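The shown structure was predicted, so the numbers you read here are calculated from the model rather than taken from an experiment.
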2 protein chains.
Amino acid sequence: MGVMERVATRTKKAAAKAVVAPVVPLEADRLIQGDCVAEMRKLPDACIDMIFADPPYNLQLGGDLFRPEGGRVDAVDDAWDKFDTLAVYDKFTRDWLTEARRILKPNGTIWVIGSYHNIFRVGTSLQDQGFWILNDIIWRKSNPMPNFKGTRFTNAHETLIWASQGEDARYTFNYRAMKTLNDELQMRSDWVIPICSGQERLKRDGTKAHPTQKPEALLYRILLACTKPGDVVLDPFFGTGTTGAVAKRLGRRWIGIEREDKYVEVALERIEAALPLDESALTTMQSPRQQPKVAFGTLVETGMIAPGTVLSDTKRRWKAVVRADGSLQCGDESGSIHGLGAKLQGAPSCNGWTFWHVDGKDGLKPIDTLRQTYLLANED
Amino acid sequence: MGVMERVATRTKKAAAKAVVAPVVPLEADRLIQGDCVAEMRKLPDACIDMIFADPPYNLQLGGDLFRPEGGRVDAVDDAWDKFDTLAVYDKFTRDWLTEARRILKPNGTIWVIGSYHNIFRVGTSLQDQGFWILNDIIWRKSNPMPNFKGTRFTNAHETLIWASQGEDARYTFNYRAMKTLNDELQMRSDWVIPICSGQERLKRDGTKAHPTQKPEALLYRILLACTKPGDVVLDPFFGTGTTGAVAKRLGRRWIGIEREDKYVEVALERIEAALPLDESALTTMQSPRQQPKVAFGTLVETGMIAPGTVLSDTKRRWKAVVRADGSLQCGDESGSIHGLGAKLQGAPSCNGWTFWHVDGKDGLKPIDTLRQTYLLANED
DNA sequence: TGTTCAATTGAATCTTTCC
DNA sequence: TGGAAAGATTCAATTGAAC
């Protein structure tokens, strides 16, 4: 069964449910104590906007979390045990991803972080289940732990996978906010962020409260990039609640699932202390795509551009006359600002707003500036 | 059958052979034309010191992609990169890795490069076959292709996996050489290397000879780190022979397998022209040390400046509020620290780092001091 | 000969809306 | 549901022409 088919089925099911019973608003901003798969099973279909998951990965570290029941492992069984451990880990991954996929909205996205011990298993499982990978992101640690024995390269990064429910999903990506955050350059797939230390690192009785606490800066960027204010973010491996703390700060709602008493206690205390940003600080730069649309014809109608005005490109290679209906004419050719621009250049497409200019005292300026003026004057 | 057991079995077999017949030196420094699996099958067990593999990525591209200015992206659309399903790709991966594992010496290592399209499949298959991952390495491209449509993060890296035959293998790692190459700091798992372009990029009839030629700097570092002079390096997806050319330069022996006539021809010509390395060339191969660069948004993410903070210029003529994405707002105007500064002053440009100030007990101080503080705290 | 500017290009899973 | 139209979108490096 294809991916989109599954999404469609789920949507239909959710719609049918809505007819039978009134939609109950999802209870958010809460920590659920329990096993992540069992607790996700209790959540309704398609109720989550984004999932951030930091699953355990003690594969090559000799951990016992996924070791099958049985007697002591000796040297002879070592390789067999390893293979079996992989299979057990894969099943664990499939199980929680299956539930994650069910409760995630059709246009929601999932983030998973891991290291080379587990990230290849996770990525494969994501693809096998029909998730569509959008990016793999490298968290490059500015201050990693050195390799003390000099036996390998310093393990200085972790990998995150960002995926949608399928190829055609319309996911949230706040492109402009990311570009602004990165000094007006596109945000790249490699992020330099310090590890969590100093004041930010939570302590209990003088020692670190959690072995793998993630820096808030990491979650900050993820939530700012891929959610809108008010969205519901789920973290099935909540730990000390970095996801919840940042979500609260950024005006997103959150649900955390965590099994261990000691982490639950630390997380609740921490999130209680987190301060939400006020609304004006939460405003981010918007892509034109997200702004209200203005037709070129509206500018003509409202008199901002008079019919008969001559437009040209930056190099004044072409001139066109504005007609009463907002179309342009250049010799025998005519069309919309976009269509004529494309036709004249022989290009497959053209953004007329930036291509065409009006002559003013300060030289040529793109007609897009007139649109911006119009938008400012007509804000509601 | 367990992994380590298999390795042991092979070693015993090889030893038995040596008694029956004198060891025939492996014929190296040669290009074998043909299918990689079929040709690897003809090689004896445990004869290769290192394998570098750049398999097809299975990019699964859709239609054409156009640049903002109208040009068409010259994408990888070769038949060799197309696989019907993930299952087909997985089988392909298993098949060539099986042969790779057989011909690799017990203490040899394998390197595989890929992108998020295929690297998770490759990593999973490596682990399933008993390979032991030593590092995943990130090739951070200093000059990647941008994301033209603003739909995702710029795909600015590729991933390499470095693995041994098993947990207890005694692999080659030239720790000291790597540390020297990296200005007396341990070599990290993220490598900044430019993409292959300019003089180094091989051309045929004015266009690129191969769509995915790898930079020699990448292979240089790999071969220097993980092989000894005289070692035999096999590249089963030889392409234009970057591996062969660098191996020759570094005094390593090489075997390349390539199917396509056109690549074979280019590779042979290229390697013929490659010169063994003289001492002076060694220093020029280093990638330039990365400039420490901090975006204003980083200071916001890491909490050095809270969203909502008010900034002003030295004369307090303008005040602006910091927003969540690192943009500034002043009345109706907003933009980056540089852009808004320029806009308010009516200047063509503005250095926001020195223009904007935060109010402290000691009066105003430029936000650039915060950047300096950040850099000091996060030095490598 | 040096400097500036325009054009080109690189493993890319690259739009949205309306009819 | 598919096709047409509207609208939005790029960074670093290299090369070669123009000055």
> Could one point to a donor on the side chain of B:Arg152 or the base of C:dT13 with an acceptor on the other under 3.5 Å away?
Replying inline: yes
Between [X] and [N], is there a side-chain N or O to OP1/OP2 distance below 4.0 Å?
X: B:Asn147; N: D:dT9; value: no
X: A:Tyr175; N: D:dT10; value: yes
X: A:Arg371; N: D:dA8; value: yes
X: B:Arg201; N: D:dT15; value: no
X: A:Gln186; N: D:dA12; value: no
X: A:His338; N: D:dA6; value: no
X: B:Lys141; N: D:dA13; value: no
X: B:Ser197; N: D:dA13; value: no

> Going from OG1 on A:Thr93 to CD on A:Gln129, what distance comes out if it is rounded to the nearest 0.5 angstrom?
Replying inline: 9.5 Å
>> Counting only heavy atoms not in B:Arg259 (residues, nucleotides, ligands), do more than 12 fall under 6.0 Å from its CZ?
In response: no
> Starting at the 5' end of DNA chain D, which residue's closest nucleotide do you reach first, A:Val294 or A:Glu184?
Replying inline: A:Val294
> Within the structure shown, what part of the strands sits under 4.0 Å from B:Gln199 by heavy-atom distance: base, sugar-phosphate, or nothing?
Replying inline: sugar-phosphate
>> Centroid distance below 5.5 Å plus an interplanar angle below 30 degrees: do A:Trp132 and C:dT13 meet both conditions?
In response: yes
> Where does DNA chain D pair, written as one dot-bracket string 5' to 3', with Watson-Crick or G-U pairs under 3.5 Å, ( ) inside the strand, [ ] for crossing pairs and | for another strand?
Replying inline: .|||||....|||||||||
